[in-house]
Amino acid sequence: MGYGLLLACLAFALAGCGGGGSKPSTETNVASDESAASASPTPSGKSWAGKTAAPAIPGGLTWFNVERPLTFAQLKGKVIVLDFWTLGCINCQHIIPDLKRLEAEFGHALVVIGVHSGKYATEHDDDSVREAVKKYGLEHPVVNDPDFAVWKTFGANAWPFLVIIDPAGKLVGVHAGEGVYPLFQPVIALLVAEFEAKGQVNRTPVPSVADAVAPSTVLSYPAEVVADAVTDRLYVADAGHNRILVSSLNGRLIQTIGTGVEGFADGGPAEAAFRQPQGLALALDGKRLFVADTRNHAVRAIDLTTYEVATIAGTGAQLDRLPQGEQPGRETALASPWDLAVWRDSLFIAMAGVHQLWRLDLRTNLIEPFAGTTREGIHDGDRRTEATLAQPSALAIDGAWLYWVDAESSALRRLPLDGAGDVDTLVGTGLFDYGADDGTGTKAKLQHPQGLAAANGRLFIGDTYNHKVRAYDPSTKAVSTLAGDDQRGYEDAAGAFAAFDEPAGLSAAGGTLYVADQNNHAIRTVDLTSGRVATVVFSNLSVAASQAAGRRSQVELPAVEVAAGVGAIKLRISSPEGYHLNSQGPSQAAFAVEREGVVAVSEAKVTWVSDDAAVSIPVPASFSVGTTKVTVSLTVYYCRGGEEALCFIQHVDLVVPVRVTADSTTGDLIFRYELPKSEV
């Protein structure tokens, strides 16, 4: 019996013959977490131990978040969950919270291994997987499976597809689709209990490295940008920092909205919390900014006079059933809203998680599905009963039509704004058809586009996986390349000589197209006349410093010995060649001591401003005999010089073990740290 057939049989025990997917439909309501958990097969006394040894993961593959490739022999004594995913798949993204919840609950008795078997050519690259690991904050081991070797070994047949392996290294079962936590939690709990009783659970941590640390820049994976020439404002969905930034069109920062810490809270700009917002839309009167708060499954509204944030649709939980007709927006659960567009009193929502477009009436605050059956596809026809969509990711309006791009079918599509007409596909032919070709109509090819804007009689497309900005002419149906080529990069130049790295959201104002260049952590501009690409250099960075944005990295420094008595902690922060510190942001260092009786610092926090290449800051301290750890939490602003000038924020914790003795000859505790060079 082949492994594919074997696992297909095992799947019945864990997820049922249908594969356990949890995509909502109009015909069947999906079970909630509670009902799914109660339906899980967990009879008293049942052993979930497997019978057949799991096949080995093939060698020669790139691993992330671990020091070296893992084998099942090394992981004996742990429950193992293999998660087969592809980085652009919304259903794969939906189960990340489930996996993190399981990891938190079972600790080192459980190891999740992400197996990235990419759908698109760009997703096969190690660089793409590395960026996805950072973007999604994955801390578990991940292996890149570009040629589907692991996929074939375990008989995977969908994204996501998961395999459970018991602590003896034997196969337990598989599951395809969402709804992971309620199905897996009782099975893993029983496996841990069963093998714990036999003394066969291994809770030793797997040696890891910090590939999951997000980059430290002013922006982190910006997803969307809205430019308003009337008010000279630029609004940025700073997704990796869980906030919205407001600046002038030339980049002078005006306001930060959101704490920077993942959460779901309304309130003032320093109180509100977002979770990786992806889409933005400006109200027609310019008084409110609407936010697609994607990971909170909600739509938020920001009052642009007070910057107060209010939730206008969504409950904060992912939907498990579709609304029947119009329902109150604030009481209706959503599924990964990705982008927004305003027309008259309607707010259109690209509901990526259920492959639909929805409409929110801004007068009544009632919401309902507008187009798409929830089945993933690229079928045209009646907007509600026939048309199938595939992860709609960006919207645009030209006064007559509602346009959108479907990322998973690499398609550009449209529908009359009033809904009185059929869905029509302009570019795109199938769920697995993609490319980078210019041409007319369906002869042109896109690859997982996530940006769209209408201006000057044309549509502009953020052709994300092709690293290009494309243009579509509705009158001729011709697709052309405006800027960028097929290779990821960072280059300010004209046309094909410019380079992007997964450009997403777009917005046009005053003859300039603004581009959220996600993996370059920058906002780029394209002159619509010359095609010249430039980078917005943000200033007044202290506005962004007030919030605790971004994930922090940690650096363990070698242990040091210090003499007892009065001395100092000396910080020596330097920038790499070609960089300098940035006085526009108030850099700071905060001190924490594990055992305060050993080291006493005179100041808990120090700040400084400098444009030099390095700074040296002494802080008086006293030392008493003993051992401890001292942590310096740094937030440092610095910039790269030259033609590709760009500014960064580094959030890092420096940790050093300290031994204080009476006979040491060293009177000061010295922290040396060189800021990292940018990868972009």
Side-chain angles (χ1 to χ4, degrees), residues 20-39 89-101 160 177-183 185 239 242 262-266 272-279 281 290-301 309-341 346-362 364-376 384 389-393 395:
S22 62
K23 209 185 303 181
S25 71
T26 53
E27 293 83 14
T28 306
N29 290 335
V30 181
S32 66
D33 281 3
E34 291 77 9
S35 61
S38 64
C89 163
I90 192 66
N91 306 101
C92 300
Q93 296 167 32
H94 281 168
I95 71 166
I96 291 174
D98 281 7
L99 295 175
K100 290 186 175 182
R101 185 177 175 186
E178 299 182 28
V180 170
Y181 180 84
L183 289 172
Q185 192 280 339
N242 306 297
E262 285 193 351
F264 185 42
D266 290 341
F274 301 91
R275 185 171 278 112
Q276 299 178 33
Q278 297 291 320
F290 301 108
V291 181
D293 192 5
T294 304
R295 306 302 181 196
N296 276 326
H297 308 290
V299 176
R300 323 289 290 280
V309 177
T311 301
I312 60 173
T315 63
Q318 183 183 341
L319 69 80
D320 58 16
R321 66 191 66 199
L322 292 171
Q324 301 300 312
E326 291 185 326
Q327 298 294 325
R330 192 61 182 85
E331 301 172 13
T332 303
L334 313 182
S336 294
W338 207 271
D339 198 21
L340 307 167
S346 295
L347 180 66
F348 292 105
I349 305 167
M351 202 68 72
V354 285
H355 311 297
Q356 288 185 313
L357 305 181
W358 287 25
R359 175 186 173 273
L360 176 69
D361 189 316
L362 295 173
T364 64
N365 211 52
L366 296 177
I367 196 169
E368 64 177 339
F370 184 72
T373 65
T374 75
R375 294 190 300 275
E376 186 175 18
R384 291 294 291 118
L389 281 55
Q391 202 169 311
S393 298
L395 303 170

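Below, each value reflects all heavy atoms present in this structure, side chains not excepted, and no hydrogens, waters or symmetry copies.
- Nearest heavy atoms, Pro160 versus Asn91: CD-CB, 3.8 Å.
- Distance CG/Asn296 to OG1/Thr315: 10.0 Å, rounded to 0.5 Å.
- Applying the side chain to side chain contact (heavy atoms under 4.5 Å, CB included) test to Ile96 and every residue at least two apart in sequence or in another chain returns Lys100, Tyr136, Leu138.
- Minimum heavy-atom separation, Ala335 to Val354: CB-CG1, 3.9 Å.
- Taking OG of Ser346 as the reference point, atom CG of Leu360 lies at 8.5 Å (rounded to 0.5 Å).
- For the atom pair CD1 (Ile367) and CD1 (Ile349), the distance works out to 4.0 Å, reported to the nearest 0.5 Å.
- For Gln356 (side chain) and Gly372 (main-chain N/O), a donor-acceptor pair under 3.5 Å exists by modelled atom type.
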Quick one: do Gln276 and Asn242 satisfy side-chain contact (heavy atoms from CB on, under 4.5 Å)? Show the steps, please. CA-CA 5 Å; Gln276 299 178 33; Asn242 306 297; 3.7 Å; yes

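- Here Arg275 contributes atom CZ and Arg295 contributes atom CZ; the two are 10.5 Å apart, rounded to the nearest 0.5 Å.
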Please lay out, stage by stage, how Leu357 and Arg359 fare under the test side-chain contact (heavy atoms from CB on, under 4.5 Å). CA-CA 7 Å; Leu357 305 181; Arg359 175 186 173 273; over 6 Å; no

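- Residue Leu347 holds its CG atom at 5.5 Å from CG of Leu362, rounded to the nearest 0.5 Å.
- The nearest pair of heavy atoms linking Asp293 to Pro337 is O-CG, 4.4 Å.
- For Arg300 (side chain) and Ala273 (main-chain N/O), a donor-acceptor pair under 3.5 Å exists by modelled atom type.
- The structure places CG of Asp361 at 6.5 Å from CG of Leu366, a figure rounded to the nearest 0.5 Å.
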Let's go through Phe274 and Val309 carefully: what are the C-alpha distance in whole Å and the side-chain angles of both, what is the deciding distance for side-chain contact (heavy atoms from CB on, under 4.5 Å) to 0.1 Å, and is it a yes or a no? CA-CA 10 Å; Phe274 301 91; Val309 177; 3.9 Å; yes

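- Screening residues 326-336 for side-chain hydrogen bond (donor to acceptor under 3.5 Å, both in side chains), with sequence neighbours left out, gives His94-Ser336.
- For Phe348, the ring pair (Phe, Tyr, Trp, His ring centres under 6.0 Å) partners are Phe370, not counting sequence neighbours.
- The shortest heavy-atom contact between Gln278 and Ala239 is NE2-CB, 3.8 Å.
- Using modelled atom types and a 3.5 Å distance limit, the side chains of Glu376 and Gln391 yield no donor-acceptor pair.
- The nearest pair of heavy atoms linking Pro323 to Trp358 is CD-CH2, 3.5 Å.
- Smallest separation of non-hydrogen atoms from Pro392 and Ala352: O-CB, 3.5 Å.
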